[in-house]
**Q** 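The structure that follows is given in the form of structure tokens.
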Amino acid sequence: MNLWVDVARLATAVNVLVLASLAILWGRNYAAMRSKHVLGLFVFATFLLAENAAALYYYQLDPTLSVWFRTAVPAVAWQAMLALHVLETVGLTFLAWVTWD
């Protein structure tokens, strides 16, 4: 079961890095262009970054929940969480590729 936890943590960490870089890029673009579309992308990235950072905190650092996630969460729940995190990573990677192309 620890494999599911580790892969979910890794996917969440990758999401945090990709979202931070996208938020920085879109924030700079908004400062330069003042486009509502770019502002929307920046706000989206910021909120999704906050969600992923909170998830990573709970998976890694929270004294109660990090232990609970490692020991008491059923494997089927981790498989579902893992699928969501990995799908999000794939989507964000594609979005980053399109943005930087």
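Numbering of residues begins at 1 and proceeds along the displayed sequence.
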**Q** Can you tell me how far CG of Asn52 sits from CG of Leu92, rounded to the nearest 0.5 angstrom?
**A**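 Spacing of CG (Leu92) from CG (Asn52) equals 7.0 Å.
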**Q** Decide whether Val14 and Leu87 are clustered together by the hydrophobic rule: side chain heavy atoms of Ile, Leu, Val, Met, Phe, Trp, Tyr closer than 4.5 Å, transitively.
**A**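 Val14 and Leu87: separate clusters.
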**Q** Please name all residues satisfying side chain to side chain donor-acceptor pair (under 3.5 Å) with Tyr59, sequence neighbours left out, ordered by chain then number.
**A**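 Checked Tyr59 against side chain to side chain donor-acceptor pair (under 3.5 Å); matches are His85.
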**Q** Do Val98 and Leu17 belong to the same hydrophobic cluster, where Ile, Leu, Val, Met, Phe, Trp and Tyr are linked whenever their side-chain heavy atoms lie under 4.5 Å apart, directly or via other members?
**A**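 Hydrophobic grouping puts Val98 apart from Leu17.
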**Q** With sequence neighbours excluded, tell me which residues meet side chain to side chain donor-acceptor pair (under 3.5 Å) with Glu51.
**A**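 For Glu51 there are no side chain to side chain donor-acceptor pair (under 3.5 Å) partners, ignoring immediate neighbours.
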**Q** Is it the case that Asn15 and Thr89 place a side-chain donor and acceptor less than 3.5 Å from each other?
**A**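 A donor-acceptor contact under 3.5 Å links the two side chains.
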**Q** Measuring from Trp26:CH2 to Met33:CE, what's the distance to the nearest 0.5 Å?
**A**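 One finds 11.5 Å between CH2 of Trp26 and CE of Met33.
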**Q** Using the ring of Tyr30 (Phe, Tyr or Trp, six-membered ring only), decide whether Arg28 places NZ or CZ under 6.0 Å from its centre and within 45 degrees of its axis.
**A**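 No, cation not above the ring by the 6.0 Å, 45° rule.
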**Q** Can you list everything that forms a ring-ring contact (aromatic ring centres under 6.0 Å, His included) with Trp100? Sequence neighbours excluded, please.
**A**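 Trp100: no ring-ring contact (aromatic ring centres under 6.0 Å, His included) contacts found.
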**Q** Would you say the side chain of Asp62 lies within less than 4.5 Å of the side chain of Phe69, judging by non-hydrogen atoms?
**A**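 No, every pair of side-chain atoms sits at 4.5 Å or beyond.
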**Q** Do Gln60 and Thr12 make a side-chain contact, defined as non-hydrogen atoms from C-beta onward lying under 4.5 Å apart?
**A**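 Not touching, per the 4.5 Å side-chain cut-off.
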**Q** With hydrophobic residues grouped by side-chain heavy-atom distances under 4.5 Å, do Leu95 and Phe47 end up in a single group?
**A**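 In one cluster: yes.
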**Q** If every non-hydrogen atom of Thr71 is compared with every non-hydrogen atom of Val67, which pair is closest and at what distance?
**A**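 Closest approach of Thr71 to Val67: OG1-O, 2.8 Å.
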**Q** Counting heavy atoms not belonging to Tyr57, are there more than 12 under 6.0 Å from its OH?
**A**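 Yes, because the 6.0 Å sphere around OH of Tyr57 holds more than 12 heavy atoms from other groups.
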**Q** Which atom names give the shortest non-hydrogen contact between Leu49 and Val16, and what distance separates them?
**A**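 Of all heavy-atom pairs spanning Leu49 and Val16, the closest is CD1-O, 3.5 Å.
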**Q** Given the rule that I, L, V, M, F, W and Y join up when any side-chain heavy atoms are under 4.5 Å apart, are Leu10 and Leu84 in one cluster?
**A**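 No, no single cluster joins them.
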**Q** Grab the two heavy atoms, one from Ala23 and one from Thr46, that are nearest each other, plus how far apart they are.
**A**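 It is CB-OG1, 4.4 Å.
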**Q** With a 4.5 Å cut-off on side-chain heavy-atom distances among I, L, V, M, F, W and Y, is there a chain of contacts connecting Val18 to Val43?
**A**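 Yes, Val18 and Val43 fall within the same hydrophobic cluster.
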**Q** What are the two closest non-hydrogen atoms of Arg9 and Leu56, and how far apart are they?
**A**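 The answer is O-CD1, 3.7 Å.
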**Q** Has the side chain of Asp101 got a donor or acceptor atom that lies under 3.5 Å from a matching backbone atom of Trp97?
**A**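 Checked: no pair found.
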**Q** Which pair of non-hydrogen atoms, one from Ala77 and one from Val73, has the smallest distance, and what is that distance?
**A**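 Of all heavy-atom pairs spanning Ala77 and Val73, the closest is CB-CG1, 3.7 Å.
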**Q** Does a side-chain heavy-atom distance below 4.5 Å link Leu41 with Asn29?
**A**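 Of all side-chain heavy-atom pairs linking Asn29 with Leu41, none is under 4.5 Å.
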